[in-house]
Amino acid sequence: MIDFPKARSKMVEEQIISRGIRDLRVIEAMKKVPRHLFVEEALQSQAYSDHPLPIGEKQTISQPYMVALMTEALELKGKERVLEIGGGSGYQTAILAELSERVFSIERIRSLAIRARQLLYELGYYNVEIKIFDGTLGWPEEAPFDAILVTAGAPDIPGPLVDQLSIGGRLVIPVGDEYAQDLFRVRKTKEGMVREDLGGCRFVKLIGRYGWESE
Ligand code: SAH
C-alpha cells in the first residue's frame with residue numbers, strides 16, 4: 001500500500017517549497033487535495049512525481065509545481081470568483097476551489113468534464129461549476145472574474161477573457177507555439193493591461209474560436 005499523505009507531503013517539500021513557492025495558502029491546498037484520485041488507478045503510484053501524467057483523450061494533468069506556480073500567480077485571498085479554462089482532471093479546479101469563493105470551470109471534452117464533475121462533488125467541492133464548452137469564449141453570464149486561469153497553450157491571449165476580467169483582475173495563461181510557451185500574467189488596471197512573463201512552460205493546445213483550430 002502506498003502512503004499517499006506521506007507522498008503528498010514529500011511532493012510539497014521537494015517540488016513546491018524548495019522551488020520558491022511562498023504563498024502559504026497555496027502550500028496548504030497542495031498538501032490537502034488528494035491528487036492521486038484525479039488519475040486512473042494504474043497511475044496513482046506516480047501521482048506525486050515531478051511530471052505531468054496522462055488523463056485520457058490525449059490530455060494531461062499538469063506537473064504539481066506548474067499547478068502551484070500558476071495558482072500563486074493568481075494571488076487568491078479567498079473571496080474571488082475564478083474562471084478556469086481547461087478543467088481536465090479537475091485537480092487544478094480543486095486547488096482553486098480551496099482558495100477562492102467560487103470556481104467556474106470550462107472543459108471542451110465531455111468525458112473529462114463529467115468525470116471531474118463527479119469527483120469534485122464526491123470530494124465536497126460544492127463551490128465549483130463545470131461547463132462543457134469552448135472556453136476561449138469565456139463565461140459571459142458569470143463575468144466579471146477576479147482571476148482567470150488557462151491551463152492549455154494558446155497562440156494568443158483570447159480577447160473575450162480579457163474583456164471578462166474585473167479591474168485589478170489577473171489572467172494567467174501559457175502563450176506560444178504548439179511546442180513551447182511562456183507563462184504570462186496579465187493584470188487589468190484602470191490605465192490598461194500590464195503583462196509579465198513568468199517563464200517557459202509546455203502545455204497541450206487550447207483549441208477553440210480564439211485558440212488553435214485543431215490538435
Ligand atoms: N488543469 C488540467 C489540465 C488539463 S490539460 C489538469 O490538471 O487536469 C488541458 C485541458 O484543456 C484539456 O482537458 C483540454 O481538453 C482542455 N481544453 C483545450 N482547449 C479548450 C477550450 N477551448 N475550452 C475548454 N477546455 C479546453
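Read the numbers this way: they start at 1 and go in the same order the structure lists the ligands and their atoms.
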* **Close-contact set for ligand 1 against I106 heavy atoms, below 4.0 Å** => 24 (C), 25 (N)
* To do: Could you say whether the N/O atoms of G135 and ligand 1 ever approach to under 3.5 Å?
  => yes
* Is there a side-chain contact (heavy atoms from CB on, under 4.5 Å) between R81 and E142 once you walk through the steps? -> CA-CA 9 Å; R81 290 165 64 81; E142 296 292 350; 2.9 Å; yes
* Structure fact -> Here the atoms of ligand 1 under 4.0 Å from any heavy atom belonging to T136 are 22 (N)
* Heavy-atom nearest neighbour of atom 8 (O) of ligand 1 within options S111, G208, S89, P64 -> S89
* **D197 and L183: CA distance, side-chain angles, deciding distance, side-chain contact (heavy atoms from CB on, under 4.5 Å) verdict** => CA-CA 6 Å; D197 189 336; L183 189 67; 5.7 Å; no
* To do: Could you tell me which non-hydrogen atom of I148 sits nearest to which non-hydrogen atom of L161, and how far apart they are?
  => CD1-O, 3.3 Å
* Asked: For ligand 1, is there an N or O atom under 3.5 Å from any N or O atom of S62?
  -> yes
* What's the shortest distance from atom 9 (C) of ligand 1 to any protein heavy atom, and which residue and atom give it? -> T151 O, 3.3 Å
* V67, portion touching ligand 1 at heavy-atom distance under 4.0 Å -> neither
* **Nearest neighbour in protein (non-hydrogen) for atom 3 (C) of ligand 1** => T60 O, 3.4 Å
* **R22/E72 salt bridge by N-O under 4.0 Å criterion** => no
* Can you tell me if R202 uses its side chain to pair, donor with acceptor, with the backbone of A180 under 3.5 Å? -> no
* Structure fact -> Minimal heavy-atom distance between V39 and A47, with the atoms involved, is CG2-CB, 4.1 Å
* Closest to atom 12 (C) of ligand 1 (judged by heavy-atom distance), picking from Q59, K205, R108 -> Q59
* **Side-chain touch H51/L53, heavy atoms, less than 4.5 angstrom** => yes
* Structure fact -> Of all heavy-atom pairs linking V175 and F184, the shortest is CB-CD1, 3.8 Å
* Asked: Checking side chain to side chain donor-acceptor pair (under 3.5 Å) for the pair T93/E84: CA distance, chi angles, key distance, verdict?
  -> CA-CA 7 Å; T93 323; E84 179 194 34; 2.7 Å; yes
* Atom of V33, atom of R8 and distance for their closest heavy-atom approach -> O-CD, 3.3 Å
* ligand 1 contact on F133 by region, counting heavy-atom pairs under 4.0 Å -> backbone
* Asked: Can you name the one residue among L76, L83, V67 that meets side-chain contact (heavy atoms from CB on, under 4.5 Å) with L96?
  -> L76
* Go through the steps for L206 and Q181 under the test side-chain contact (heavy atoms from CB on, under 4.5 Å), then give the verdict. => CA-CA 12 Å; L206 180 74; Q181 303 93 34; over 6 Å; no
* Structure fact -> In terms of its nearest heavy atom to atom 16 (C) of ligand 1, the top option of R35, R110, E107 is E107
* Identify the protein heavy atom lying closest to atom 22 (N) of ligand 1, giving its residue, its atom name and the separation to 0.1 Å. => I207 O, 2.6 Å
* Asked: So which of D134, I173, L137 actually passes side-chain contact (heavy atoms from CB on, under 4.5 Å) with P158?
  -> I173
* Check whether any heavy atom of A116 sits under 4.0 Å from an atom of ligand 1. => no
* Structure fact -> Quick note on ligand 1: atoms under 4.0 Å from a heavy atom of L112 include exactly 13 (O)
* Structure fact -> for atom 11 (O) of ligand 1, nearest protein heavy atom and its distance come out as G86 CA, 3.2 Å
* Interfacing atoms of ligand 1 (cut-off 4.0 Å, heavy-atom, I109) -> 15 (O)
* Structure fact -> Taking only non-hydrogen atoms of G88 and a 4.0 Å limit, the atoms of ligand 1 in range are 4 (C), 8 (O), 13 (O)
* Are any of the N or O atoms of Y91 closer than 3.5 Å to those of ligand 1? -> no
* To do: Report the part of V204 in contact with ligand 1, treating N, CA, C, O as backbone and CB onward as side chain, heavy atoms under 4.0 Å; options are side chain, backbone, both, neither.
  => side chain
* Under-4.0 Å heavy-atom contact with ligand 1, by part of E57 that carries it -> neither
* Asked: Taking both backbone and side-chain atoms of I61, is any N or O found less than 3.5 Å from an N or O belonging to ligand 1?
  -> no
* Just jot down the ligand 1 atoms closer than 4.0 angstrom to any heavy atom of Q92, in number order. => 1 (N)
